[in-house]
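Throughout, residue positions are numbered sequentially from 1 according to the sequence presented. What you see is a predicted model, and the numbers here were worked out from it, not measured in a lab.
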Amino acid sequence: MIPLRPVGCDFWQTAVWGEFMKRDDVKKQYEDLLSDYLLNRREDLLYAAQQLSKWMIEQRISPEEIVSLHAAVIKKMVPDVPQAIVDSFDMLIEIMMGYGIAYREHESLVHRQQELEYEIEVAVGMQQTLLPETLPTFPGIDIGVISVPANKMSGDYYNVVDHGRGKMGVALSDIIGKGIPAALCMSMIKYAMDGLQEGSLRPSEILRRLNSVVERNVDPSMFITMVYGIYNTRTHRFFYATAGHEPGLVFRAKERKFENLPTRGLVLGVSPDATYTDYAVDLSPGDAIILFSDGVTECRVNGDFLGRENLRQVLISCMDLPAQKAVEAVYQQIYRMAGYELNDDQTLMIIRRK
């Protein structure tokens, strides 16, 4: 509600600029406002003009319309205004038309950006439902995992599943692609795996079947790397197979050293005839399996990749912590080393035999 003092009035009148104000009323309101200001030069009238401009913007009144309105009011208030001044308004209106077009294009882009942001928020919410809210617990096993997206949406997927009979399924994948397509691809992987979660299937067979699904349904420009394993909590043997994924590590607690997990296998979605190899590793008390996405080793530290050797140095300082605290501490150290910037999604998982 803006108080105005129109010409010829000795008291304040009230004008409301809002959704109920008609565009036809603008000329009269502007004429009163301008005439009063030219006579009195009061600061409150300038403030009232600011409020009127906000209403004009909300009503999408273009710059050239405003200049044309101003010219019409000036002509009415000053009938003998020099012709050169009148003609100058014509030029100004033409110039403002360009501004008006640019403004409308900007509005269109802002509207489209808002739509995209909404779509991204929906996709982010969908992604969150694909990842486990909590991890299952197993006797004699300590599990920790952290997954941090570089942007709003992540291309990393992980899951831990109880197959029963002392068998635990473990999956970690990296979708080579970003944004909404990666989220949709992640959902496909998740639901495809739900149909294959059988403890009797070898990891290599799981990957072979997933590869068939990906090759038929995913755009050729997108690929998926994955490591899938089955941990036997009774024998403490970890069976696994990989599809082009970053090789994991085994931590040997007694020697306090790391070993590379052997890997071999083509990324998912490249060839329908791809085959995969099963590997096995035995864990002694205190030993741990460490799986991670390439965003961990390829994060930038002083212009270079972190690399596997530097990752080992960070890991060794945290391996005495509980698994969940360890992955969080490792991430915080790497994040600090990278100057608090992520150029790729980072997922890290530790499976330790107690």
Side-chain angles (χ1 to χ4, degrees), residues 143-148 154-160 168-176 189 193 202-208 210-211 214 223-232 236-253 255-271 274-284 287-301 304-319 323 326-327 330-331 333-334 337 343-353:
I143 308 172
V145 63
I146 187 169
S147 186
V148 182
S154 175
D156 288 357
Y157 170 77
Y158 70 90
N159 203 0
V160 178
M168 174 182 70
V170 177
L172 197 159
S173 69
D174 186 355
I175 300 167
I176 304 174
I189 289 294
M193 290 193 67
R202 299 189 312 276
S204 60
E205 180 63 15
I206 292 284
L207 291 185
R208 189 191 68 80
L210 281 175
N211 178 69
V214 173
F223 306 104
I224 301 169
T225 71
M226 176 177 281
V227 55
Y228 182 81
I230 297 175
Y231 189 101
N232 189 317
H236 295 286
R237 173 168 287 189
F238 183 58
F239 296 90
Y240 69 95
T242 63
H245 197 79
E246 176 85 18
L249 297 169
V250 183
F251 174 67
R252 298 301 185 184
E255 297 84 4
R256 296 197 64 80
K257 68 177 185 179
F258 295 95
E259 300 172 0
N260 291 323
L261 286 176
T263 59
R264 181 182 178 185
L266 198 62
V267 297
L268 302 178
V270 173
S271 169
T275 58
Y276 302 92
T277 303
D278 287 308
Y279 297 92
V281 59
D282 294 310
L283 271 66
S284 300
D287 290 354
I289 300 293
I290 301 138
L291 305 175
F292 43 90
S293 60
D294 60 9
V296 175
T297 53
E298 293 181 1
C299 75
R300 293 285 181 173
V301 177
D304 296 321
F305 289 142
L306 174 70
R308 296 175 66 84
E309 186 56 39
N310 288 329
L311 174 60
R312 292 183 188 209
Q313 294 178 17
V314 175
L315 282 166
I316 197 66
S317 65
C318 304
M319 292 308 295
V327 295
V330 169
Y331 167 73
Q333 285 196 44
I334 293 174
M337 293 167 65
N343 57 359
D344 197 2
D345 310 318
Q346 293 190 5
T347 301
L348 176 66
M349 181 184 296
I350 291 180
I351 305 166
R352 177 191 287 122
R353 178 182 176 181

Worksheet item: Hey, are D156 and S147 close enough side-chain-wise for a donor-acceptor pair under 3.5 Å?
Response: no
Worksheet item: Among side-chain atoms of T225 and D174, is any donor-acceptor pair under 3.5 angstrom?
Response: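 No, D174 and T225 have no side-chain donor paired with an acceptor closer than 3.5 Å.
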Worksheet item: Who pairs with Q333 by side-chain hydrogen bond (donor to acceptor under 3.5 Å, both in side chains), at least two apart in sequence or on another chain?
Response: S317
Worksheet item: How would you list, by chain and number, every residue that makes a side-chain hydrogen bond (donor to acceptor under 3.5 Å, both in side chains) with D294, sequence neighbours excluded?
Response: none
Over all heavy atoms of both residues, which pair between [X] and [Y] is shortest? Give the atoms and the distance, please.
X: H245; Y: F292; value: NE2-O, 3.0 Å
X: Y228; Y: A171; value: CD1-CB, 3.7 Å
X: S204; Y: D278; value: OG-OD2, 2.7 Å
X: I334; Y: C299; value: CG2-SG, 3.4 Å
X: F305; Y: T297; value: CB-O, 3.7 Å
X: T242; Y: Y276; value: O-CD2, 3.4 Å

Item to complete: Under the side chain to side chain contact (heavy atoms under 4.5 Å, CB included) rule, what do Y231 and R237 come out as? Steps first, then yes or no, please.
Response: CA-CA 6 Å; Y231 189 101; R237 173 168 287 189; over 6 Å; no
Practice prompt. State which residues pass salt bridge (charged side-chain N to carboxylate O under 4.0 Å, His left out) with R300; sequence neighbours excluded, sorted by chain then number.
Written response: none
Worksheet item: Taking only residues two or more places apart in sequence or in another chain, which ones pass salt bridge (charged side-chain N to carboxylate O under 4.0 Å, His left out) with R208?
Response: E205
Only pairs under 3.5 Å count here: list side-chain donor-acceptor contacts from residues 258-269, not counting sequence neighbours, and write none if there are none.
residue : atom : partner : partner atom : Å
N260    : OD1  : R308    : NH2          : 2.7
N260    : OD1  : R312    : NH2          : 2.8

Let me confirm one number: the [atom1]-[atom2] distance from [X] to [Y], rounded to the nearest 0.5 Å.
X: S154; Y: D345; atom1: OG; atom2: CG; result: 3.5 Å
X: N310; Y: D304; atom1: CG; atom2: CG; result: 9.5 Å
X: R252; Y: L249; atom1: CZ; atom2: CG; result: 11.5 Å
X: M337; Y: Q313; atom1: CE; atom2: CD; result: 8.0 Å
X: E298; Y: Q346; atom1: CD; atom2: CD; result: 10.5 Å
X: M193; Y: L210; atom1: CE; atom2: CG; result: 6.0 Å

Worksheet item: Heavy atoms, side chains only, cut-off 4.5 Å: are F223 and V270 in contact?
Response: yes
Worksheet item: Side-chain contact, heavy-atom cut-off 4.5 Å: I290 with L348?
Response: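 A side-chain contact exists here, since the closest heavy-atom pair is under 4.5 Å.
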Discussion item. Please check this pair: side chain of R202 against backbone of F239, looking for a donor-acceptor N/O pair closer than 3.5 Å.
Written reply: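 Side chain of R202 to backbone of F239: no pair is present.
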Discussion item. Main chain of S293, side chain of T347: is a donor-acceptor contact present, judged purely on distance under 3.5 Å?
Written reply: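 No; zero donor-acceptor contacts below 3.5 Å.
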Worksheet item: Who passes ring pair (Phe, Tyr, Trp, His ring centres under 6.0 Å) against F238, sequence neighbours left out?
Response: Y240
Worksheet item: Could you go step by step and tell me if I351 and M168 meet the side chain to side chain contact (heavy atoms under 4.5 Å, CB included) rule?
Response: CA-CA 11 Å; I351 305 166; M168 174 182 70; 3.9 Å; yes
Worksheet item: I289 and side chain to side chain contact (heavy atoms under 4.5 Å, CB included): which partner among V170, L283, I350?
Response: L283
